[in-house]
Structures are given as structure tokens and as C-alpha cells.
**Q** 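Here you go, one structure.
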Amino acid sequence: MVAERLGDVEDHTLLSAEQLAGRVAQVRARMRPLETQLAEMRAERDVLLTEQRRRERLAQRSRRAGVKEAMRGGQFPTFSQLLAAADSGPFERYRFHLKTGGEVRLGFPGARRQTVSFTDGRRLAQAQDLAESARLYAAGWELGSPGRPGLRIHFPGTRQERLADPEEVYARPADDVKTQ
């Protein structure tokens, strides 16, 4: 207990400057081996965390390569093909990837749900699922906003967004275990 080590609530104001300095030196001397041991443990932890991050990067790289290979093989539809053959359901049933294999989300960064913007040249509409997207697409609306065609995407975990060509964004089922 701390109180016992401090001398059962000792009044430190009664100590002389030399006595106080001596006690500080004693405590520091007792701490030195523990600080050395703690530094060694931190170094060991850092080595293990570095290896863990290296393995995660390798796994991510191989997953991304698998996704790219499946896209090249025609296993996953582009966003345009998904719209043309759309059924109903939320966008969350799919994971979207650029042709480089990097994962993206639809719509604006920070939004709770993925959305797709459509325009008729004058007005703007936000579709929140495939059924609504297919309805707007079939009615002649185009992806994008007036004067800015394209599919708005952003990179997960960032505020970075851009407009992409819908032919360069691929959809894969979120539950696809072969390329996860």
C-alpha cells in the first residue's frame, strides 16, 4: 500500500531538504530496474506488433490481388452492369472496388448509408438502394449531378472522395468468402 511505504501518512513538511532529496534518490533507485524491465517489454511488444502489421499487409495485398483477378475474369459486375440487372436490396449487400482492387464506398464520406446520386440534367435525386437506383436509371436519369457525371465514391475511413466512371467500379457480394 502507498500509505505504508510513505511511513503511514508522514508529514513531509517536517523533512529537511537533504532528507527529502535522499528519499527521492531511494525511490528512483528502486524504480530503475523496473523502468529497464518495462523498456525491454515495450521493445518486445513493438517487435511483435511490427510482425503483426506485416502479416496484415501481406494478407490485404493477397486479398486485393484475388479481387483484381476475379474482376479481370469477369466474376464481378461493374456498377453499370449491376444497375442494368438490378434487383432490390441495399447497397450494403455488396462491397465495391475500383479496378485497382481498392475498396470504396458509395456516396459521401461520413454518411451512415451508401447512396448514389442521379440527375435528369436539372434535378438531383439520391437513391439509397438498388430498387430505387434501377427505377431512376430506367426512367433515363444518369449517374452524377447536373454537369458532373459519374459515381461518387469515397475510401473507407477517410474523407477522400471523387467521381468515378461506373465502368471502373466493381461490385462483389459482401458475403463472398473466396475473395475476402
**Q** Closer than 3.5 angstrom, by distance alone: can the side chain of E35 be matched with the main-chain N or O of R32 as a donor-acceptor pair?
**A**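 Judged by distance alone, no pair lies under 3.5 Å.
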**Q** Give, for atom CZ of R95 and atom CG of D175, the distance between the pair rounded to the nearest 0.5 Å.
**A**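 One finds 10.0 Å between CZ of R95 and CG of D175.
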**Q** Would you say the side chain of V116 lies within less than 4.5 Å of the side chain of R152, judging by non-hydrogen atoms?
**A**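 No; the side chains remain at least 4.5 Å from each other.
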**Q** Is E161 reaching over with its side chain to a backbone N or O of H154, donor-acceptor style, under 3.5 angstrom?
**A**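 No; zero donor-acceptor contacts below 3.5 Å.
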**Q** Does any non-hydrogen side-chain atom of Q52 lie less than 4.5 Å from one of E56?
**A**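 In short, these two side chains touch, coming nearer than 4.5 Å.
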**Q** For atom CZ of R45, decide whether the heavy atoms of other residues, nucleotides or ligands shown that lie under 6.0 angstrom number more than 12.
**A**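 Yes, because the 6.0 Å sphere around CZ of R45 holds more than 12 heavy atoms from other groups.
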**Q** How long is the gap from CG on L151 to CG on D165, to the nearest 0.5 Å?
**A**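 The CG atom of D165 is 9.0 Å from CG of L151, to the nearest 0.5 Å.
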**Q** Between Q128 and T115, do the side chains contain a donor N or O and an acceptor N or O under 3.5 Å apart?
**A**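 Checked: T115/Q128 side chains show no N/O donor-acceptor pair below 3.5 Å.
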**Q** Working to the nearest 0.5 Å, report the span between OH of Y170 and CZ of F76.
**A**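 It is 11.5 Å, given to the nearest 0.5 Å.
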**Q** Would R172 and H97 count as having a side-chain donor-acceptor pair, cut-off 3.5 Å?
**A**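 R172 vs H97: donor-acceptor pair found between side chains.
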**Q** Tell me whether R54 is salt-bridged to E51, with the criterion being a basic N under 4.0 Å from an acidic carboxylate O.
**A**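 Salt bridge present between R54 and E51.
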**Q** For E142, check side chain to side chain contact (heavy atoms under 4.5 Å, CB included) against everything at least two apart and list the hits.
**A**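 In terms of side chain to side chain contact (heavy atoms under 4.5 Å, CB included), with neighbours along the sequence ignored, E142 is linked to no residue.
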**Q** Supply the atom-to-atom distance L49 CG to E44 CD, rounded to the nearest 0.5 angstrom.
**A**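 Here the rounded value is 11.0 Å.
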